[in-house]
Q: 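What follows is a structure written as structure tokens; I'll ask about it next.
A quick note: this is a predicted structure, and the numbers were derived from the prediction, not measured.
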Amino acid sequence: MKDSTNPMSMVQLQVEASGVAVININQPQRSVNLLNPELIAALASGVESVLGRDEIKGAVITSSKAGFIAGADLRELAEAYTQGISAHTAARRFSRENALLRRIETGGKPFVAAMNGVALGGGLELALACHHRLLVDHPKALIGLPEVTVGLLPGGGGTQRLPRLIGIEAALLLLLDGAPVSPRRAFALGIVDALVGADDLVAAACEWVLLHPQAVQPWDVPGYRIPGGSGPLAEHANRSFAGQTADIRRRTQDNYPAPVAILSAVYEGTQLSIDQGLAVEARYFGQLLAGPVARNLMRTMFINRGRADKLERRPAAVARSQVRRLGVLGAGMMGRGIARVAAQAGIQVILLDSEQTVAERGKAAIRAGLEKDAARHGETSEAVDSVLDRITAVQDFPLLAGCDLVIEAVFENRAVKADVIRRTAQYLPASAVLASNTSTLPISALAECGQRPAQFIGLHFFSPVERMPLVEVIVGRQTASDTLAKALDVVAQLRRTPIVVNDSPGFYTSRIFCSYIDEGMAMLVEGIAPALIENAARMAGMATGPLAVTDEVSLDLQMRVVEQAQADGLPQERLRLHAQPVIAKLNALGRLGRKSGGGFYAFAGGTKRLWPGLAALYPPREQQPEVQEVIDRLLFIQALESARCMEEGVVTAPMDADLGAVLGLGFPRWTGGPISFIDTLGIESFVSRCTQLAVHGTRFEPSAWLRERAERGVSFYEEKPHA
């Protein structure tokens, strides 16, 4: 080693005796390396040292952390939109990075990327600019360009270098999907040149530098042609563009601009020189970064979800806890799901039901689900058995005595829940927490059924539990901060994303969900065609139409929810009375949804179609509304109900409202969630449109609180008037 810099700096350059420089990236106070202006500046300094010193023959770029580079800092990118960045300014966001990468390519000395772990986004783009790419041979060393998942395209040359390296069709599959690939897949595609053991990675890279002193990128060689064709744009690539365009429009309904921008950048850029292509990429990147969709996706799906997963809302003064033994009351669908994810997380589970045979049947259903997933993922039967060994099916309440926490997940009926809560409470240790999985029943009232209301809380899971990432944590009037902390700790143990809301009839997510299905049924009663209602929901980006999703959760359950809400004295305006008579009518016909073979849809032979009998029950009127009117009614009613929840203090943080609606209810991700939807439109425009929609009913009338907020121009995230 001839030279080294301060080991505390984020880039250390050391020159080996062979004359090869090793540039080691190690950003301080970060668990992973992220490309930001400071790192770019440090790398640029290191690259210039390599190119400016005659004794240095070339360089290897690697990392001292467990991974290589995990991509760009999304917080900085999301803030760019908030700061009002223009498309022109945004296009220059990575100009310094792109200049650095071209300097690596054309500086006259060989550079090798020795990727010792994960290389995503800008990390892979840095590697693509090197003349040779080595990747550690480890299954967790994933590489990819995931920018499309945050509403962007690669801004550091990814749309230009990857097609030039592996061909347009193969590159488009990676760019448009965004999912990372394994080391072996990366090697097979030609993204990396070799897979190397961790101990030999840097040495192999140094050896390549010495053997290739005149290295040059293939696209900088005169006469270069993109792999897969004889011309700049092969005929089969043209067909790929046409097919991808149609597929993107079908999947995104034009709500997500990034996939189309990626296609355009690749199509235009690959017909030009690399430098011209990089300019094309920058232009499309700028348009995306200056638009709201990327900001919404980055903020909600990555930044705010990350904050929730790190338990930002957890009371800081309470010591961390861990559940070792979890009780689950009820071996039905929800109870089984909770028991399964808990056992998969390594927790011992007591699965209790009223009869031993019912509890055993619940455990058998868990086995069936695990075996099905194991077959799909190539896992062994031993892995299934190890999970099942952690689940004990019982019927006796005294067996809950050793549990740290118990989750009640029985029939959605106040009397049934009250009974099991009373019977459970007498056997729990003094420190144990008792939680209810109710989706609508007030937590504060249920807490009175137990012996310690301060240690009672709501943990509302979503179905199917094994696939749904959200848990709504409901704080009752007497819930202690210690209880909230323990509840959030167990949600983290289960690898779920929590939101924290205050107790109220329907809490947060059920209120939003009910507003959605009620609006769909209100339109059905008005004579709007069922197909128009359902298709408009999908065009808006909703995961499922309001009629289809009601079939999935079942109409008899919806009827019980309404009846219980009436019994609880819920105000009439909250009962969503449009849905009630429709649900009652289909219940009377025995059409309870998918589980009965039919509801709003007819289910047969693995397919489903809208039930033709709906036309007789609710004849479509002759004049149908414009599709945008239907879309607005479905989105605005949910956003308005979210704003009401903020006004009433049911939800105290906009990020909880957005995460709850997107992760729990399938609200369109491109909006960032209902509160982000309001902020994106502008609160003044939102209130104005709600007032217009009030022609369909007073439910669309904004409250005085919301109108006053709009008059002052106060957005939910900024909490200050717009300039």
Side-chain angles (χ1 to χ4, degrees), residues 323-345 347-366 369 388 390-453 455-466 468 471-474 476 479 483 486-487 490-491 493-494 496 507 557 560 564:
V323 170
R324 293 178 173 80
R325 189 177 179 90
L326 175 73
V328 178
L329 309 180
M333 181 176 64
M334 293 302 295
R336 295 196 303 265
I338 296 168
R340 171 177 166 170
V341 298
Q344 287 177 310
I347 300 172
Q348 296 294 323
V349 178
I350 302 297
L351 179 61
L352 183 147
D353 212 303
S354 57
E355 298 178 12
Q356 186 67 32
T357 55
V358 176
E360 294 287 355
R361 193 158 58 240
K363 183 173 179 179
I366 295 173
L388 289 168
R390 300 189 191 104
I391 301 174
T392 304
V394 303
Q395 71 174 54
D396 299 320
F397 282 83
L399 295 174
L400 298 170
C403 291
D404 306 303
L405 187 144
V406 172
I407 301 174
E408 167 275 306
V410 301
F411 197 63
E412 189 72 1
N413 177 278
R414 181 188 296 277
V416 175
K417 287 182 180 292
D419 179 59
V420 298
I421 289 168
R422 274 192 296 268
R423 297 174 67 185
T424 300
Q426 60 185 306
Y427 297 109
L428 292 186
S431 61
V433 168
L434 182 52
S436 174
N437 179 55
T438 179
S439 58
T440 56
L441 298 176
I443 289 299
S444 299
L446 289 176
E448 298 298 333
C449 303
Q451 298 175 352
R452 295 183 290 271
Q455 290 165 239
F456 195 91
I457 197 165
L459 288 178
H460 177 203
F461 291 78
F462 293 77
S463 181
V465 178
E466 59 270 20
M468 295 295 283
V471 176
E472 185 178 25
V473 181
I474 306 110
T479 302
T483 302
K486 290 177 181 179
V490 77
V491 172
Q493 270 186 269
L494 300 179
R496 293 298 182 270
F507 319 131
L557 174 60
R560 289 196 298 272
Q564 186 66 63

Q: Within this structure, what is the OG-CZ distance for the pair S444 and F456, rounded to the nearest 0.5 Å?
A: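 With rounding to 0.5 Å, OG (S444) is 9.5 Å from CZ (F456).
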Q: Could you tell me the separation between the CD atom of E408 and the CZ atom of R423, rounded to the nearest 0.5 Å?
A: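 With rounding to 0.5 Å, CD (E408) is 13.0 Å from CZ (R423).
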Q: Could you tell me the separation between the NZ atom of K363 and the CG atom of D353, rounded to the nearest 0.5 Å?
A: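 Taking NZ in K363 and CG in D353, the distance rounds to 14.5 Å.
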Q: Is there a side-chain contact between V349 and R390 in this structure, where contact means two heavy atoms from C-beta onward sitting under 4.5 Å apart?
A: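 V349 vs R390: side chains apart.
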Q: Tell me, with the steps shown, if E412 and T438 meet side chain to side chain contact (heavy atoms under 4.5 Å, CB included).
A: CA-CA 7 Å; E412 189 72 1; T438 179; 2.7 Å; yes
Q: Looking only at atom types and distance, does a side-chain atom of D396 sit under 3.5 Å from a main-chain N or O of P398, one as donor and one as acceptor?
A: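 No.
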Q: For a side chain to side chain contact (heavy atoms under 4.5 Å, CB included) check, start with the C-alpha distance between D404 and R324, then their side-chain angles and the critical distance, and finish with the verdict.
A: CA-CA 7 Å; D404 306 303; R324 293 178 173 80; 3.7 Å; yes
Q: Show your reasoning for whether side chain to side chain contact (heavy atoms under 4.5 Å, CB included) applies to I347 and L494.
A: CA-CA 9 Å; I347 300 172; L494 300 179; 4.0 Å; yes
Q: Take V471 and H460, measure what side chain to side chain contact (heavy atoms under 4.5 Å, CB included) needs, and give me the verdict at the end.
A: CA-CA 6 Å; V471 176; H460 177 203; 5.8 Å; no
Q: Quick check: do R336 and P464 have side-chain heavy atoms less than 4.5 Å from each other?
A: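 With C-beta onward as the side chain, the pair stays apart.
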Q: Which one of I366, V465, L351 satisfies the side chain to side chain contact (heavy atoms under 4.5 Å, CB included) criterion with R340?
A: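 Testing each of I366, V465, L351 against R340, the sole residue satisfying side chain to side chain contact (heavy atoms under 4.5 Å, CB included) is I366.
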Q: If I take atom NZ from residue K417 and atom CG from residue D419, how far apart are they, to the nearest 0.5 angstrom?
A: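 If we round to the nearest 0.5 Å, K417:NZ and D419:CG are 12.0 Å apart.
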Q: Only one of L329, I338, L459 clears side chain to side chain contact (heavy atoms under 4.5 Å, CB included) with N437; which?
A: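 Passing option: I338.
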Q: How about L428 and R452: do any of their side-chain heavy atoms sit closer than 4.5 Å?
A: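 Yes, side chains in contact.
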Q: Working to the nearest 0.5 Å, report the span between CG of L405 and OG1 of T483.
A: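 Separation between the atoms: 9.5 Å.
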